[in-house]
Amino acid sequence: MRDLDPAPETAGMLLEWYDRNARDLPWRVPPHRSRAGFRADPYHVWLSEVMLQQTTVAAVGPYFHKFTTLWPSVSHLAAAEDADVMAAWAGLGYYARARNLLKCARQVAGELDGCFPDTEAGLATLPGIGPYTAAAIAAIAFDRPAVVVDGNVERVMARLFDIRTPLPAAKPEIKAAAAALTPAERPGDHAQAVMDLGATICTPRNPACGICPLMAGCLARRNGSAADLPAKTPKAAKPVRRGVAYLARRADGAILLERRPDKGLLGGMLGLPGPDWGETVPAHRPPVDAEWRISPLVVRHTFTHFHLELEVRVTELPEGAQARSGRFHPGAELRAGDLPTVFRKALKAGLAGLDD
DNA sequence: GAGCCGTGGAT
DNA sequence: TATCCAAGGCT
């Protein structure tokens, strides 16, 4: 591994930049208060960090507000109903995070007296808290000099040290670089400073090197490689999967929904019934024996690793109708916002087909 | 290590 | 339209 000594003034310049340019985020203690010794509520740090996993600040904002309003502490969250938490998370994606969030909350409330562990190792034992999140909470909430490495840090380090090894093979080298830069003082602000820098200046495309506080010491800028870093091994193309979703509406307006199994795609979430999605639509029976019509609107949706084309079939049923599985949700309690996005789209397409 | 797991915005 | 990508974790 290459020698990765940053210029001695680099970390200090980064913190000075952060003191002047830190973004105002709902879960953040601003630098002037951090310097005065104030720390963020560990519950807020944990909740925001889990929500921010592979998710933009803009998307997280309303969800963070909703969760902290509904459940002001980890103990409140631990006491919540599973279905309420999954419904509140609907639309944010990566639903295993919501299931692990509840597991973690119940573990903290039930076994740890409502207090999060204050060390990186302790945090890392909890569900949904991996290497990044453990380090981030330890640094931000508990002032531990943990080495925080997320996608922003990877990009900033790859450029600062002109690391051309492609990810993920470059991870050890990048971790060493981040460790060499992490200060003993204000490690939480330092971590947030690197991430803010990556989000606003050292961006994936068109990095604003001209206004970067670290421009003097940046090897990629000197070598002209900044725009090409970090290198990544190419990803596989997304295949197309096909499926059918059934929208059954009773005369009283209730709609048939199923809760999906806890594991796998959209695990634990409500959805429209239908066969599993695959290269072709498998032979199957509809959830109710009825006359089904095909909505003219095909739903297209892209997941992490495949494109989906979903046909929506619709029917109207008498008031007392029964289904083989799932539950009819009265129109009054049915909120499209409680569904994952693909089923919000399917519901909309199906209702248009029913009402045309 | 590599596949699985969402979504919406930017380019 | 197609691709990339965002404060990753789990298996």
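Residue numbers start from 1 in every chain, and the chains themselves are labelled A, B, ... in the order their sequence lines are given, proteins ahead of strands.
- Regarding A:W27, its CH2 atom lies at a distance of 12 Å from the P atom of C:dA7, rounded to whole Å.
- Nucleotide B:dA2 holds its P atom 12 Å from the NZ atom of A:K171, rounded to whole Å.
- Comment: A:R164 does not engage A:D228 in a salt bridge, judged by the lack of any side-chain N to carboxylate O separation of less than 4.0 angstrom.
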Checking A:Y43 against A:H76 for the side chain to side chain donor-acceptor pair (under 3.5 Å) test, could you report, in this order, the C-alpha distance in whole Å, the side-chain angles of both residues, the deciding distance, and whether it holds? CA-CA 11 Å; A:Y43 171 61; A:H76 287 90; over 6 Å; no
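- Atom pair A:W277:CH2 and B:dC4:P shows a separation of 15 Å (rounding to whole Å applied).
- Distances shorter than 4.0 Å separate none of the side-chain N or O atoms of A:T133 from OP1 or OP2 on C:dA7.
- Atom NZ of A:K232 is separated from atom C1' of C:dC5 by 7 Å (rounded to the nearest Å).
- The separation of B:dG8 from C:dG9, taken at their P atoms, amounts to 22 Å, rounded to a whole angstrom.
- A:N206 has its CG atom 14 Å from the C1' atom of C:dC5, to the nearest Å.
- Look at CZ on A:R155: it is 11 Å from C1' on C:dA7, rounded to the nearest Å.
- Both A:P127 and A:Q192 lie near DNA chain C, and the one whose nearest nucleotide falls closer to the 5' end is A:Q192.
- Taking only distance into account, the side chain of A:R300 never meets the base of C:dA2 through a donor-acceptor pair shorter than 3.5 Å.
- Looking at heavy-atom distances under 4.0 Å, A:W89 makes no contact with the nucleic acid at all.
- Using a 4.0 Å heavy-atom distance criterion, A:L25 is classed as a base contact.
- Using atom C1' as the reference point in both B:dG1 and C:dA6, the two lie 22 Å apart (nearest Å).
- Between A:F303 and A:H301, the angle of the ring planes goes over 60°, which puts this pair in the perpendicular group of the 30/60° scheme.
- Put simply, NE2 on A:H307 is 12 Å from C1' on C:dC4, counting in whole angstrom units.
- A:N206 CG: 12 or fewer foreign heavy atoms inside a 6.0 Å radius.
- The ring pair (Phe, Tyr, Trp, His ring centres under 6.0 Å) with A:H44 is formed by just one residue from the set A:W27, A:F64, A:F116; it is A:F64.
- A straight line from NZ of A:K235 to P of C:dG8 spans 12 Å, rounded to a whole angstrom.
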Side chain to side chain donor-acceptor pair (under 3.5 Å) between A:Q53 and A:R97: does it pass, once the steps are laid out? CA-CA 9 Å; A:Q53 289 167 6; A:R97 292 185 296 173; 4.9 Å; no
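- Contact annotation for A:R99: no contact, since no heavy-atom pair falls under 4.0 Å across all strands.
- For B:dC5 and C:dA7, the P atoms lie 23 Å apart once the distance is rounded to whole Å.
- Side chains of A:V50 and A:N100 form no contact here, defined as non-hydrogen atoms less than 4.5 Å apart.
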Can you give one letter per nucleotide of nucleotides 5-10 of chain B, 5' to 3': B if a protein heavy atom sits under 4.0 Å from the base, S if only from the sugar-phosphate, - if neither? BBBS--
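- Residues A:F67 and A:L101 approach most closely at CE2-CD2, 3.9 Å, considering heavy atoms.
- Classified by interplanar angle (parallel below 30°, tilted 30° to 60°, perpendicular above 60°), the ring pair A:F343/A:W277 is tilted.
- For the pair A:M157 and A:V149, the minimum side-chain heavy-atom distance is 4.5 Å or more.
- Of all the residues in residues 194-204 of chain A, not one reaches under 4.0 Å from DNA chain B with any non-hydrogen atom.
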